[in-house]
Amino acid sequence: MIQKKDDRRFVLTASTSLNALFSLCCGGNEPAGTRVWFGLLWMVCSVAHAEMAGLLTVQGRLQVDSTLVDGTVAFKFALVNGDGSQTYWRNAPDDDLDGQPDQAVVLRLDRGLYTLALGDAGLANMASLPATVFTNSALYLRTWLDDGTHGFQALTPDQRITPVGYALLAATVSDGGITLAKLAPGVLDAANLTGVLAPAQLPVNVAFRDTDLLTLSNAWVARLAATNEALTARIEALAVLSEALAGQLTALSNQMRLPPFGLAAVSAARPDTTLASYGFVPFGTVPAPSWVDGPTTDAPLPRRGHSGVWTGAALVIWGGTLGLGLGLYSAAGGSYDRLENRWRALSPLNAPVARTAHTAVWTGQEMLVWGGFGSAGYLSSGARWEPSQQTWTALPMLNAPEGREGHVAVWTGTRLLVWGGRNSGGLLADGAQYDPVLSQWSPLLLRGAPAARFGTGGVWAGDRFIVWGGEGEAGPVDSGGQLLLDSNGVPTEWRALNPTGAPAARSGHAAVWTGQKMIVWGGATGRHLIGGWRLVRPQHRFLGGDEHGWGAGSAL
């Protein structure tokens, strides 16, 4: 019971079955002696999973003096701890932080009686009730109601929610207390059993009810035992044979170390230490194979500035300049078959426009031609040539690099990579990648690329693109860089090449990849031709680090 300053009192008591007293403070001008009686019952519905929503059934009866209330009344509800300092749930949010929900649940009372389920999302302004709320050891229901005159008032005290007696009993079942005797017949069968039984879970002797299955099982056991015995004998025989072969190999090795009588061997190395260890001595030289002129029938016209690729079966050349100083550019080419020793002209249908100083790479299935210089100037176009069908397909122009010549192009295994060169705007230090599967270009935008140049040498080294030398802004350069790519073929960073021991600056040189090293040969600096060559050895990232260096080569 709460005393108000205007000395009016309003009391709500629970029904005698609950033995609980509610007090409602009202600040209006109700007639003295008015009494409000409020009965309350509740029940928690069971849930199947800890994360599912629960329901809490609440029943009540509202009476003013001797009159049972009919009509609509607004209620608000919350579940709190014992002293009300923590709120576990509200029927609606409390955004204004006044301690009670912002919206009310409006109920229709019939002779003072009403029933609702807390957490019933079908009621307006009723939030769902997580089952985890009931994991709190002490849970109390706090209620506010508005009779339409005095505003919302809290019922006191909060009422504790207690479990049903049989629910308490269920919580006392010990681990392992549910035995087969407690299960109904047919609950466990093959349809609802999953997983695989381990051998330790089976009895020592498992009896098969199916006699055919038992017979088949016994037959397989006997067959496996016989097979295992035969294999064991075979392995033992092979071991004896292996020892005998090892002895014979040792004997042959010892014989090879004696000077062979009447046997001649040819080696590409003059001081062949291996043959010398077997007793061979040099007695003469064998001339190297000479050059053989190729056929001229059906061969392309003489030219320069053309491209050439090796397909594994044929040499394919295309484009170039016809005649010196005439400005005649070719859009034709030919394919030389080494086994047949003959030329075949490439189809001119849909071929790229005539050009020179372009690049071409072989992907393993087709030739990709790009860039160069033609009658229209520097070109940013190209095409794909498929040899089996003799068809040309134009490369896309969207996001392609700007036109150029003197650039370098390599095939990475999945993409065409173009870098460097020059055009009417000067020297270039950019490039792009072309993906034949997606048929699209992507520019190389990474910082740290080598200085702009043309006439550079470039190779693909398995996981990186290496460029070195070329003609820079101030003349030939002796620097270069490495463009590293990840396992998906995406460029990750540029790294400078180690300058220690690098060859002299040059341009127009040749560069090839041996599988372990890059070989650089020839070139020119100004009017001076260069014939020396050097090697660079990059260390792949999967071996750790990125150390590399130059080493001098020697002519044989």
Side-chain angles (χ1 to χ4, degrees), residues 304-310 356-362 368-373 401 404-413 415-423 427-433 444 448-485 491 494-539 548-553 555:
R304 71 171 183 175
H306 53 284
S307 61
V309 299
W310 175 250
T356 187
H358 54 282
T359 53
V361 300
W362 177 251
L368 303 181
V369 173
W370 186 85
F373 186 86
R404 64 192 68 196
E405 68 170 358
H407 53 284
V408 63
V410 297
W411 176 248
T412 69
R415 295 172 176 85
L416 164 67
L417 195 155
V418 173
W419 187 85
R422 66 179 175 181
N423 56 22
L427 303 184
L428 301 169
D430 63 353
Q433 278 189 313
L444 298 178
R453 64 193 68 190
F454 77 97
T456 185
V459 298
W460 173 248
D463 68 342
R464 66 193 67 199
F465 168 54
I466 303 176
V467 296
W468 182 85
E471 191 78 14
E473 296 288 352
V477 296
D478 60 355
S479 62
Q482 309 174 73
L483 178 63
L484 275 63
L485 284 74
W494 278 100
R495 294 183 184 177
L497 285 182
N498 184 353
T500 303
R506 66 191 70 192
S507 64
H509 50 284
V512 295
W513 179 249
T514 69
Q516 295 180 327
K517 306 171 184 177
M518 179 177 73
I519 301 179
V520 173
W521 194 92
T525 173
R527 297 183 178 180
H528 301 286
L529 300 180
I530 303 174
W533 56 279
R534 299 284 181 113
L535 312 177
V536 63
R537 306 176 181 86
Q539 182 170 330
H548 59 276
W550 292 91

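- Closest approach of V408 to G457, counting heavy atoms only: CG2-C, 4.4 Å.
- For H407 (side chain) and G431 (main-chain N/O), no donor-acceptor pair under 3.5 Å exists by modelled atom type.
- Side-chain atoms of R453 never come within 3.5 Å of backbone atoms of G420 as a donor-acceptor pair (strictly under, hydrogens ignored).
- For the side-chain contact (heavy atoms from CB on, under 4.5 Å) criterion with P491, the lone passing option out of T412, L417, L444 is L444.
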Problem - Audit row: E473, L427, side chain to side chain contact (heavy atoms under 4.5 Å, CB included) steps and yes/no - result: CA-CA 7 Å; E473 296 288 352; L427 303 184; 3.7 Å; yes

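- Scanning all heavy atoms of the two residues, the minimum distance from T359 to S307 falls at C-CB, 4.5 Å.
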Problem - Full working for side chain to side chain contact (heavy atoms under 4.5 Å, CB included) between E405 and H358 - result: CA-CA 6 Å; E405 68 170 358; H358 54 282; over 6 Å; no

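- If you take CZ on R415 and CD on Q433, they are separated by 5.5 Å, rounding to the nearest 0.5 Å.
- Of all non-hydrogen atoms in S507 and G470, the two that sit nearest each other are CB-C, 3.5 Å.
- When all heavy atoms of A409 and L416 are compared, the closest pair comes out as CB-CD1, 4.0 Å.
- Taken to the nearest 0.5 Å, the CD1 atom of I519 stands 13.0 Å off from the NE2 atom of H509.
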Exercise for the section: In sequence, state the C-alpha distance, the side-chain angles, and the governing distance for F373 and R422, and then conclude on side chain to side chain contact (heavy atoms under 4.5 Å, CB included). Expected result: CA-CA 10 Å; F373 186 86; R422 66 179 175 181; over 6 Å; no

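- To the nearest 0.5 angstrom, I466 atom CD1 is 13.5 Å from K517 atom NZ.
- Using bins of under 30°, 30° to 60° and over 60° for the plane-to-plane angle, the ring pair W419/W494 lands in the tilted bin.
- A donor-acceptor distance shorter than 3.5 angstrom exists from the side chain of T356 to the backbone of G305, with no hydrogens or angles considered.
- Contact between P401 and A432 at its shortest, heavy atoms only, is CG-CB, 3.4 Å.
- A donor-acceptor distance shorter than 3.5 angstrom exists from the side chain of W468 to the backbone of D478, with no hydrogens or angles considered.
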Exercise for the section: Could you walk me through whether L368 and W411 pass side chain to side chain contact (heavy atoms under 4.5 Å, CB included), step by step? Expected result: CA-CA 9 Å; L368 303 181; W411 176 248; 4.0 Å; yes

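- Between R404 and N423, the shortest heavy-atom contact is CA-CB, 4.3 Å.
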